[in-house]
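Structure record follows, encoded as structure tokens.
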Amino acid sequence: MLSSDITSAHQRLKLAREYALLVLALSQDKDTTVVLDSTGPSAAPADVSAALPINQCRYVLVDTGVKIVAFLWSPVDAPTRNKMIYASQSSSTASYLEGIAGFTFVETSQELADLLTP
């Protein structure tokens with residue numbers, strides 16, 4: 001389930017272009033996805049990388065100026081259980097976000113840079 005602020009933030013990223021980056025996380029009870037972080041109307045790849053933890057998974061939406069990229073940040077150092085929970089809930093999370101077909105899995109900084117570079 002998504003928190004109500006995600007739908008609003010997603011629309012503000014997608015339609016109003018108020019945000020360039022949304023970082024989403026599962027709540028403590030793992031039942032709800034919440035907005036953890038957001039940036040203003042532009043975000044460089046370095047900003048995206050800096051917003052992501054090195055040992056926890058996150059769902060991320062980035063407006064590159066050309067398209068909206070959705071990915072699951074699943075770093076190598078994240079606990080296996082954390083990776084499994086995020087992966088198992090990724091399709092249901094994507095289904096709530098209009099226009100997002102699914103999340104690309106990203107594990108390393110290099111994969112992130114490749115994904116965000118036009």
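The first residue of the sequence shown is numbered 1, and numbering continues consecutively from there.
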Nearest 0.5 angstrom please: [X] [atom1] to [Y] [atom2], how far?
X      : Y      : atom1 : atom2 : result
Asp37  : Asp47  : CG    : CG    : 10.5 Å
Ile68  : Leu13  : CD1   : CG    : 4.5 Å
Leu115 : Glu111 : CG    : CD    : 9.0 Å
Leu24  : Ser38  : CG    : OG    : 10.0 Å
Ser74  : Met84  : OG    : CE    : 11.5 Å
Ser88  : Lys83  : OG    : NZ    : 14.0 Å

Please report the C-alpha distance between Thr7 and Tyr96 in whole Å, then the side-chain angles of each, then the deciding distance to 0.1 Å, and finally whether the side chain to side chain contact (heavy atoms under 4.5 Å, CB included) criterion is met.
CA-CA 8 Å; Thr7 305; Tyr96 285 106; over 6 Å; no
When clusters are formed by joining ILVMFWY residues with side-chain heavy atoms under 4.5 Å apart, either directly or through shared neighbours, do [X] and [Y] land in the same one?
X     : Y      : result
Tyr59 : Tyr19  : yes
Leu36 : Ile100 : no
Leu52 : Val106 : yes
Leu21 : Leu116 : yes

[X] to [Y] - nearest heavy-atom pair and separation:
X      : Y     : result
Trp73  : Val60 : CB-CG2, 4.4 Å
Thr33  : Ile6  : O-CD1, 2.9 Å
Glu98  : Gln11 : OE1-NE2, 4.3 Å
Ala20  : Ala43 : CB-N, 3.5 Å
Ala78  : Cys57 : CB-SG, 4.1 Å
Gly102 : Ala70 : O-CB, 3.8 Å

Looking at [X] and [Y], would you say the former's side chain and the latter's main chain have a donor-acceptor pair under 3.5 Å?
X     : Y     : answer
Thr32 : Ser27 : no
Ser95 : Ser92 : yes
Ser49 : Pro45 : no

Does a side-chain heavy-atom distance below 4.5 Å link Val48 with Phe71?
yes
Exactly one of Val23, Leu22, Val35 should register a side chain to side chain contact (heavy atoms under 4.5 Å, CB included) with Leu61. Which one does?
Leu22
Working for side chain to side chain contact (heavy atoms under 4.5 Å, CB included), residues Thr93 and Tyr86:
CA-CA 9 Å; Thr93 299; Tyr86 271 80; over 6 Å; no
Count the heavy atoms belonging to other residues, nucleotides or ligands that lie under 6.0 Å from CD1 of Ile54, then report whether that count exceeds 12.
no
Go through the steps to decide whether Leu97 and Leu2 satisfy the test side chain to side chain contact (heavy atoms under 4.5 Å, CB included), and finish with yes or no.
CA-CA 9 Å; Leu97 300 170; Leu2 297 181; 4.0 Å; yes
